[in-house]
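Working notes, beginning with the structure itself.
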Amino acid sequence: MLPARPRLHARSALALAISSALACAACGVDDAAAPAPGDDAPLPSESRDDAAALPDDAGPADAPSPPGLTAPLTVPPDDPPPVVRPLFETVGATPIGTTGFSVNARVHPRRQRLSWHVEYGQTTAYGARTSSERLGPRLAAYYRESWDSNLGGFLGGYDATSVTHVPTGGASGGHARFVAPSGPDANHLDGIGYVELGPYLHNGTYVGGGIVNPYLGAGDTDVRDATVAVDVRGQGWSPELSEIHFWAQSDSDLAEQNQVNWRRSNWAHTAFSLTDAVMLGGWRHVEYRLWNDTNAWSYAGRYLGRPNYEYWPLDRALRHMNTNFIMAVLWNASVNGPSGTVDFDELTLTYRNHSLLLPSNGGRLVSWPRGSTDASKLTDGWRHGPGKTWQTAQNPRGPQPIVYSFVRPVLIRAIQVHQDPIHPSAYVDVLASTDGKNWIPVIDDVLPATSPDGPNFAQIFRQDLSVLALHLRVVVRSGYQSDAWGLGEIEVFGEGAQMDTDDDWYALNVDLTNLAPGAKYHYRVVLTDGVREYFGADQTFDTRATLSPDLSTGPAIRVTATTAKLEGRLTPMGLDTTCWFELGTDTTYGSSTTPFYAGKELTPRTVVDAVAGLSPQTTYHYRVVASNAAGTTFGDDRSFATK
């Protein structure tokens, strides 16, 4: 049972307006002796008074001496206008029926904080524009799961039981094993086809029976342009026509997320498949990017009778991946599904870090306890792991405060404090201030020492906050061991920060809707720093005049002496659509694959089929063909040579 503990009394409420906030005195260490529990104590009691137990005039021995209370803080102005021109890269737009298009672009901000929008119209005068949005923060948040001890919260299969934990034989220790067939998910037949649910994790705020959440990015995970790294191994894997893709599921209405009227959007990253690595045998390490580009994704759609699944633009769905992500196995409804085993190990998802404490987002470490380890590890983006956590000095004797300031005033909406698995802390307080003198408690709680689902789940999580702050104090008051207390990552989410960009390319996309059918449109991407604008090249697209399928022939892959797999991109235009491939040694083709149902969505999807009985060392021509009630469309001719 937890011991009784006095509440921390706030010296005053946040009565000061942020615009008149004062500078923070560096908050130091209380070295007054505190009873240290024995290692065998289930949970320590603690010695604590009120906020006066944390003297404002003490400073850490390992940090520069603070100046103490000084003049009021002047919020720094925005950085001066950049002097380097950002870079633009042309990327194709994709249709949304006859009256819309998803515009894609790639830009390189060259380390500048920039906003962007799209100008568009039927002439180069444009005349319309999308709303302005800032480029996202850096890819600097890391979620790692090694599956050494258990499944780490992952489920699998339509019945949530088709992924099991194997304690040995992984790429490094234990691993997760998916066995197919697990029962196909038919909820997306009108979009992408049948789905086998490989390992999946509820990373966001969805709750349900038996579901645990690690709350990546406070449950609002931004995976635009994210990186996935994973080790995979196939054993007796027979893919048939299936492919293994990353799948993102997002709720567009959080108020209804856990209610009967939930509204959920699903996108499959069909630009990259794990199947090739799985088929090689043995453990294979794979890394790929989830570019925020509709050419790289297929909207998964829904099936009749499930109106809860609905379209949400890709940029929004990836910015707010608040439900789950899946290593999904997809295939056409007209063929048999896959069978066999796929093993997964050493997964790392690198996503955009919106924490206000991240140094590149304006968080500043002011002070930390004497003799403790490097406190910058508390905001390096890693929840835990070797060299990624913070510990106090040996045998801590009292409260251990860590103090931060924000470059700009912020409004805190959520806080996450993660546990150190090696030296777990117990009682933790979080306080906020607008002046560095008057503090109010925000969190007064106990960190769980462990979680049955692994260290990614041992945390304190508070959301639905509304706290104005220029300063933050995190105080560790006790631990589960006497030798040292530790913490993993400290994350704070909210509004008001200016976030630095990556020195890398950004993929952008936005939907343009309510357009005229059968018309040519011009568009260009505009970047701005608030002072000057930078313009991308003028580009065009033609909206469809009819509802006949829109399609393009894709590459031939996995070509052998006698077989090949053919791909294409198809937009059914909202009507039931059938698809097939034509094939031959010249452009008269002469043979075709069996037609299959390709859905009825308004957005593009990847379609695939296999051909066999080919002649070795022969050049073949092929094209994708699709038909619906409005007509038949033929894709462009492409060719490949058998081996």
Side-chain angles (χ1 to χ4, degrees), residues 89-98 100-105 192-193 241 243 268 270-273 291 293-299 332 509 517-521 523 537 539-559 563-612 614-615 618-642:
E89 188 175 271
T90 300
V91 181
T94 60
I96 309 172
T98 60
F101 253 81
S102 294
V103 168
N104 297 287
I192 198 66
L241 277 179
E243 299 290 340
T270 46
F272 182 84
S273 172
W291 289 111
D293 179 345
T294 54
N295 293 283
W297 296 77
S298 296
Y299 171 59
N332 294 336
N509 81 76
K520 181 180 290 294
Y521 279 83
Y523 69 95
Q539 299 179 71
T540 63
F541 60 79
D542 296 306
T543 53
R544 296 278 299 178
T546 72
L547 295 177
S548 59
D550 183 89
L551 77 173
S552 61
T553 306
I557 62 172
R558 300 191 194 118
V559 178
T563 63
K565 185 172 183 180
L566 310 180
E567 293 188 351
R569 291 284 284 179
L570 164 66
T571 306
M573 304 300 290
L575 299 176
D576 288 345
T577 298
T578 301
C579 180
W580 64 94
F581 288 83
E582 293 182 339
L583 177 76
T585 55
D586 57 36
T587 54
T588 62
Y589 306 108
S591 64
S592 63
T593 62
T594 302
F596 59 90
Y597 179 58
K600 58 186 299 181
E601 295 298 332
L602 293 170
T603 49
R605 58 159 294 185
T606 295
V607 290
V608 299
D609 211 338
V611 290
L614 306 178
S615 299
T618 302
T619 297
Y620 284 89
H621 292 259
Y622 67 100
R623 66 182 178 183
V624 63
V625 187
S627 181
N628 62 23
T632 299
T633 307
F634 298 88
D636 48 318
D637 176 76
R638 296 186 69 165
S639 63
F640 67 92
T642 53

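The distance from atom CH2 of W297 to atom CH2 of W291, rounded to the nearest 0.5 Å, is 13.0 Å. Note that CZ of F596 and CG of L241 are 8.5 Å apart. Values are rounded to the nearest 0.5 Å. In this structure, T571 OG1 and L551 CG are separated by 8.5 Å, a value rounded to the nearest 0.5 Å. L566 contributes atom CG, which lies 5.5 Å from atom CZ of F640 (distance to the nearest 0.5 angstrom). The line from OH of Y523 to OG1 of T540 is 7.5 Å long, rounded to the nearest 0.5 Å. Separation of atoms CZ (F581) and CZ (R623) is listed at 12.5 Å; rounding is to 0.5 Å.
Summarising the geometry of G518 relative to T543, their closest heavy-atom pair is N-OG1, 3.0 Å, with the distance given to 0.1 Å. The two residues C579 and A598 come nearest to each other via the heavy atoms CB-CB, 3.9 Å. Shown here for T618 and T585, the closest heavy-atom pair between the two residues is CG2-CG2, 4.1 Å. Shortest non-hydrogen contact noted between V91 and Q539 is O-OE1, 3.7 Å. Taking all atoms of both residues into account, the shortest heavy-atom contact from A564 to V559 is CB-CG2, 4.0 Å. Here the closest heavy-atom approach between residue A556 and residue Y622 is recorded as N-OH, 3.0 Å.
Taking 4.5 Å as the limit, every side-chain heavy atom of T270 sits out of range of all side-chain heavy atoms of R605. Under the 4.5 Å side-chain criterion, counting only non-hydrogen atoms from C-beta, F101 is not in contact with I96. Using a 4.5 Å cut-off on side-chain heavy atoms (C-beta onward), Y299 and P604 make no contact. In this structure, T98 and T546 have side chains that are not in contact, with every pair of non-hydrogen atoms separated by 4.5 Å or more.
The backbone N or O of L583 sits less than 3.5 Å from a side-chain atom of S591, completing a donor-acceptor pair. The main-chain N or O of G92 is found under 3.5 Å from a side-chain atom of N295 such that the two form a donor-acceptor pair.
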Inset, instruction - Check the pair K520 / F541 against side-chain contact (heavy atoms from CB on, under 4.5 Å), numbers first and verdict last. - result: CA-CA 6 Å; K520 181 180 290 294; F541 60 79; over 6 Å; no

Inset, instruction - Could you please spell out the steps behind the side chain to side chain donor-acceptor pair (under 3.5 Å) verdict for T94 and R569? - result: CA-CA 10 Å; T94 60; R569 291 284 284 179; over 6 Å; no

Legend entry - CA sep, side-chain torsions, deciding dist, call: Y589, D637, side chain to side chain donor-acceptor pair (under 3.5 Å): CA-CA 10 Å; Y589 306 108; D637 176 76; 2.7 Å; yes

Inset, instruction - I would like to know whether K600 and L575 meet side-chain contact (heavy atoms from CB on, under 4.5 Å); could you show each step before the answer? - result: CA-CA 5 Å; K600 58 186 299 181; L575 299 176; 5.8 Å; no

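Of the N and O atoms on the side chains of T563 and R558, not one donor lies less than 3.5 Å from an acceptor on the other residue. Judged purely by distance below 3.5 Å, without hydrogens or angles, the side chains of N509 and T294 never pair a donor atom with an acceptor atom.
A salt bridge links R544 to D550: at least one charged side-chain nitrogen sits closer than 4.0 Å to a carboxylate oxygen.
Partner E567 forms a side-chain contact (heavy atoms from CB on, under 4.5 Å) with one of V624, I557, T553 and no other, that one being I557. S627 pairs in a side chain to side chain donor-acceptor pair (under 3.5 Å) with only one of the listed residues (T578, T577, T632), which is T632.
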